[in-house]
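Single-structure report; data block below.
One is the number of the first residue; the rest follow in order along the sequence.
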Amino acid sequence: MSVLAQTILIERPPTRPFDAPPTAKYVEYAHEVATRLAGKLSTRERRRLEGERALLARARFVELNGVVHHYQDVGPSDGEPLVLIHGWDCSAFWWHHVIDPLAQAGYRVISYDLKGHGFSANDPRQQYTVAGFSADLQELIRILDLGSVHLAAFSLGAFIGLHVAAHHPDMVRSLIFFNFSLLPYNKVASTFVPWLLDTVFNKVLRPIERRNLWWLPFIYARLVMAQNTPPVSDIRLGTLGLRYCDPIAVRVSATELSRPEILAAVAEQAKMIRQPLLLVAGANDPIMRPADGRKLVALTQNGSFLEVPKCGHLILFELPEHVIQIMRLFLKGVR
């Protein structure tokens, strides 16, 4: 029996009728972690990899609209379902601090990788759009028979959560958005930004991460995106998303989110939702600015706004304890 089978596959949760086989991305990384743990490591590095192995052992896979998705399902099966949606060029592992505390509070916590991200398969049709991601989330809710769910979303994930809440209100009980806002359309930026993001992420940061120079993307994130320095283990999980995100997903999503009709739809969908909404902004977020977050909340029927001091765009890694407390208090209030 292989090292991978001994340390990862046997530990995976019991199968379900709709389970799909693990993706090649998952198998590759699980094998890499198992191989490294079999060798000589520093105490800190072994502890870090053992933490990743524990996350990998929770992996489940399900086919959504023709694409196999990685997800995790933690907490009591009869708990109120809470679905976590990660951000652009990230993965479900960005929520790893949140999952166990919320599961221990009685919630059934489902985190998943968007197609083309993390350990989910790439989409051969390249439908990396808000509507495409939204259709996958709807299918996940149906297949897992979750009924009406609480949705927590970070950055890009909030575009998806808002879309589902507005067009399928019966599926969504409440919304928590982190680092999200209205984005005003700018014709020059709409032409320049997709090219810039494609260059920075696909041609600079991704090749650097593949050479295990993870600290270079970290320096970029710390100087540009964050106000607080996360531990090395979180940095490594964050940059893992760079390795496995489909480069085409970066191009398609960045281009779509620069289109005026997509940006305008955010305001229209905000007016449509009736569910309780909490928007949490980082006071120093350079991308989703707090002032524009307040404008979005003002359009909703049942929204509230919270600005977190000394926080940038990466709140899930910058201030995870704050995130846990904020979510617990909000969810308790909408029970």
Side-chain angles (χ1 to χ4, degrees), residues 1-64 67-75 84 86 89-101 103-104 109-122 205-218 230-247 249 316-317 320:
M1 186 177 291
S2 70
V3 173
L4 175 60
Q6 291 175 359
T7 59
I8 299 295
L9 297 184
I10 287 179
E11 296 177 2
R12 286 182 58 219
T15 58
R16 295 170 171 174
F18 46 76
D19 279 348
T23 60
K25 297 178 183 180
Y26 172 85
V27 172
E28 176 189 82
Y29 193 67
H31 180 70
E32 178 182 323
V33 169
T35 300
R36 293 195 63 196
L37 281 170
K40 188 175 181 180
L41 298 167
S42 67
T43 300
R44 187 174 71 173
E45 182 68 357
R46 181 168 296 279
R47 187 181 304 116
R48 182 184 75 80
L49 289 171
E50 285 174 347
E52 290 196 8
R53 180 170 64 180
L55 291 174
L56 290 164
R58 292 174 164 178
R60 294 183 181 275
F61 297 86
V62 62
E63 185 174 315
L64 307 175
V67 178
V68 175
H69 285 62
H70 161 250
Y71 76 102
Q72 300 192 358
D73 189 348
V74 181
L84 310 176
H86 66 75
D89 211 349
C90 302
S91 76
F93 283 179
W94 279 59
W95 293 99
H96 79 99
H97 288 293
V98 168
I99 293 171
D100 285 337
Q104 290 163 11
V109 185
I110 295 97
S111 57
Y112 74 107
D113 288 326
L114 301 175
K115 58 188 172 187
H117 295 69
F119 299 127
S120 290
N122 296 345
L205 296 180
R206 215 175 302 285
I208 285 174
E209 195 285 331
R210 291 195 184 104
R211 293 180 174 84
N212 204 32
L213 300 174
W214 54 267
W215 49 273
L216 287 174
F218 161 68
V232 170
S233 56
D234 281 358
I235 298 164
R236 299 295 295 273
L237 279 179
T239 56
L240 181 62
L242 288 171
R243 182 191 306 193
Y244 288 116
C245 185
D246 183 356
L316 299 184
F317 284 163

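Annotation: side chain of Val98 is not in contact with side chain of Val109 (no heavy-atom distance under 4.5 Å). Leu316 has its side chain out of reach of Asp234: every pair of non-hydrogen atoms, C-beta onward, lies at least 4.5 Å apart. The side-chain heavy atoms of Gln72 and Ile110, taken from C-beta on, include no pair separated by under 4.5 Å. Between Val74 and Asp100, some side-chain heavy-atom pair lies under the 4.5 Å cut-off. Counting heavy atoms from C-beta outward, Leu64 and Val62 have side chains that approach closer than 4.5 Å. Taking the side chain as every heavy atom from C-beta outward, Ile235 and Phe317 never approach each other to under 4.5 Å. Using a 4.5 Å heavy-atom cutoff, the side chains of Leu242 and Asp89 are in contact. Side-chain contact between Val68 and Ser120 is absent, with no heavy atoms from C-beta onward closer than 4.5 Å.
For the side-chain contact (heavy atoms from CB on, under 4.5 Å) criterion with Phe119, the lone passing option out of Tyr26, Tyr112, Tyr71 is Tyr26. Checking each of His69, His86, His70 against His117 for a ring pair (Phe, Tyr, Trp, His ring centres under 6.0 Å) leaves exactly one that passes, namely His86.
To the nearest 0.5 Å, atom CZ of residue Arg243 and atom NZ of residue Lys25 are 12.0 Å apart. The CG atom of Leu55 sits 5.0 Å away from atom CZ of Phe93, with the distance rounded to the nearest 0.5 Å. A distance of 12.0 Å separates CG in Asp19 from CD in Glu63, rounded to the nearest 0.5 Å.
Within a 6.0 Å radius of CZ in Arg46, other residues, nucleotides and ligands contribute more than 12 heavy atoms.
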Check the pair Glu45 / Glu50 against side-chain contact (heavy atoms from CB on, under 4.5 Å), numbers first and verdict last.
-> CA-CA 9 Å; Glu45 182 68 357; Glu50 285 174 347; over 6 Å; no

Applying side-chain contact (heavy atoms from CB on, under 4.5 Å), run through Ile99 and Leu84 and close with a yes or a no.
-> CA-CA 9 Å; Ile99 293 171; Leu84 310 176; 3.9 Å; yes

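Using a cutoff of 4.0 Å between basic side-chain nitrogens and carboxylate oxygens, Arg48 and Glu52 are scored as salt-bridged. With salt bridges taken as basic N to acidic carboxylate O contacts below 4.0 Å, one links Arg16 and Asp73.
Not a single donor-acceptor pair under 3.5 Å links the side chain of Asp113 to the backbone N or O of Ser91.
Closest of all the heavy-atom pairs between Lys115 and Val67 is CB-CG1, 3.9 Å. Across all their heavy atoms, Gly75 and Ala103 have their closest contact at CA-CB, 3.7 Å. Nearest approach of Leu237 to Trp94, heavy atoms of both residues: O-NE1, 4.3 Å.
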